[in-house]
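Below: one structure, written as structure tokens.
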Amino acid sequence: MHGLINRSIQMFIRDTYGAGVWRDVAQEADIDPAGFEAMLSYDDGQTWALLEAASQTLGRSPDCVLEDLGTYLVSHPGLEPVRRLLRFGGASFVDFLHSLDELPDRVRLAVPQLDLPQLELVPVDEACFRLECGRRLPGFAHVLVGLLRTMADDYGALVLLDRPAPGQDGDHVCIRLIDNGFAAGRSFQLAAGG
Amino acid sequence: MEVMLDRPALDALMPMSLLADARGHILHAGPTLAKMRPEGYFAGQDLFGLFRFKRPRDIAAMAALRAAAGTPLRLCLLDDPQSQLRGAVVPWGGPAGGALLNLSFGLHVFQAIRHYTLNAGDFAVTDPTMDMLYLVEAKSAAMDVSHDLNLRLQAARIAAEEQAFTDTLTGLKNRRALDLVLGRYRRQGTDFALMGIDLDYFKRVNDTMGHGAGDMVLQHVARLMLARSGEGDTLVRTGGDEFLIVLRDRTDLEALRPRAEDMIRALEAPIAVPGGSCGISASIGLCASTQFDLWDTPQILADVDAALYAAKNGGRSRVAVFVPGMAPSQKDPEAKGRRLLARTLPPEAGGSVTDPPLRR
């Protein structure tokens, strides 16, 4: 697993629950408390052990932990660059949704070894989309739920998200758009530092 | 205002344009687009028969395409679903006319350049693709350098850690490593047996044949122990001529007794050293983690030491299994256990000395 993914989980636990909880989780997962380097690769088993230990220690289901991780990735002040890069996807939330098809390719452009699952947005009707998520990273759809919910707020869109149900070809998330321009949302300028 | 462009002007400004009439028949494909397929592939063909639209999804009529003006288009060639194209469309040729599309490779430009052997002349002068290619190549080169550095640093860190947990003379684990392993087993609730090994007559070798010969004997002993160990065994040199083997998931001490006796027999074979050969033996003490109600690492180590002490007192070259009430080897039963453990480890490294006893 790419170090960026493992390190995201580590930082999520540390920033959200504190360094002590991180040490407990690391110990439970039998992982060096010093944690992960972002640009190294690790054995996949460590990631699953980490998530299981986090779920146990926090007393939350793995799905909830992953959803919270998705929220953390685009809302924590220290991770503003992630939110910004996602906002490059489009001027409105719907444009942003359409840009998700290209997200894995964009990510690969920046970090060639980081292989995210294939994403495909399928419009069901005028206001309803199904985001299909490849199987490369089990549980990734749950991360997407947290991420999409927060990005909808960011754009000022009002949406309902349905938790993913695992399917034969991978997971999917159902997105019902109530209002693409419900609130002002957070400001975004293409030029950084604006 | 209306602008009239002839074909060369259109191709210079938009090398990937596609012009279709009201029926959707392709009137012209720009030169870069034309490079993607054999000559004459596009001209006169039905636009919707050659391309599949992903956004707006699956449109297949000119009216729908014209209505998509202002929406970013996503499409691919029908004969190659991997060919991802982006585009913009404007109505062309009056109210019931056709459409002019301007396409681009988007993110797939890197594959496209390789696949269709494109060059700078295939992109409009205003297209920043060349700058993007430059940026990506420069970034990749910089990332590669940084990645190499990461790997070297990581390898150095692992080597340094390995060294910190290794006894340099024998290559076996040292007391710091023992502490980590026992700490991990304690956390995981893993049961184990301890085999404490103390060499007999080793001092004589050291005294009569010199320290060089003594070191060779210790290395020989380590090799014998390694040859007789399996997965799940941790081999530790705890002191001068003292060794400890932690046997994971093994708690039947009587079943371990033959193995310990075999170890003693192997150690008693004459060992060749410069200037002759020498003979040693060993006393072995056994105890198991399941013998305790409380998980107290120093106590467990003190107990294996008590068994070892009993073996020595019983006449050496023998195996003794710990039973409660065995006399400790020193006045303070925990002193030896504590001495066996490194105290330099920070608590977050899993230091079990500082861990309170744990009820099993």
From A:Phe88, A:Tyr155, A:Phe93, residue fulfilling ring pair (Phe, Tyr, Trp, His ring centres under 6.0 Å) relative to A:Phe188 = A:Phe88

Taking all atoms of both residues into account, what is the closest heavy-atom pair of A:Val159 and A:Ala152, and its distance?
-> CG2-CB, 3.5 Å

Take atom [atom1] in [X]; do more than 12 heavy atoms of anything else shown fall under 6.0 Å from it?
{"X": "A:Glu52", "atom1": "CD", "answer": "no"}
{"X": "B:Tyr134", "atom1": "OH", "answer": "no"}
{"X": "B:Arg250", "atom1": "CZ", "answer": "no"}
{"X": "A:Glu80", "atom1": "CD", "answer": "yes"}

Give me the contact list for residues 57-80 of chain B versus chain A, heavy atoms only, anything under 4.5 Å, ordered by residue number.
-> B:Arg57, B:Arg74

Within residues 137-152 of chain B, contacts to chain A at heavy-atom distances under 4.5 Å involve B:Lys139, B:Met143, B:His147, B:Asn150, B:Leu151

Under 4.0 Å between a Lys/Arg side-chain N and an Asp/Glu carboxylate O for [X] and [Y]?
{"X": "B:Glu162", "Y": "B:Arg157", "result": "no"}
{"X": "B:Arg176", "Y": "B:Asp179", "result": "no"}
{"X": "A:Asp95", "Y": "B:Arg55", "result": "yes"}
{"X": "A:Glu102", "Y": "B:Arg86", "result": "yes"}

When the ring planes of A:Tyr17 and A:Phe12 are compared, do they come out parallel, tilted or perpendicular, using 30° and 60° as the limits?
-> perpendicular

Parallel, tilted or perpendicular: which describes the rings of B:Phe192 and B:Tyr185, with under 30° parallel and over 60° perpendicular?
-> tilted

Note: vs chain B, highest number of non-hydrogen pairs under 4.5 angstrom among A:Ala26, A:Ser41, A:Ala110 is A:Ala110

In terms of heavy-atom pairs under 4.5 Å with chain B, the winner among A:Met39, A:Arg108, A:Gln113 is A:Met39

Begin from the C-alpha positions of B:Thr234 and B:Leu178 and carry the test side chain to side chain contact (heavy atoms under 4.5 Å, CB included) through to its verdict.
-> CA-CA 8 Å; B:Thr234 307; B:Leu178 170 67; over 6 Å; no

Which bit of B:Glu161 is near chain A, if near means a heavy-atom gap under 4.5 Å: side chain, backbone, both or neither?
-> side chain

Answer with side chain, backbone, both or neither: which region of B:Gln188 has an atom nearer than 4.5 Å to a non-hydrogen atom of chain A?
-> side chain

Contact part of [X] toward chain B, heavy-atom cut-off under 4.5 Å: side chain, backbone, both or neither?
{"X": "A:Asp105", "result": "both"}
{"X": "A:Glu120", "result": "side chain"}
{"X": "A:Leu40", "result": "side chain"}

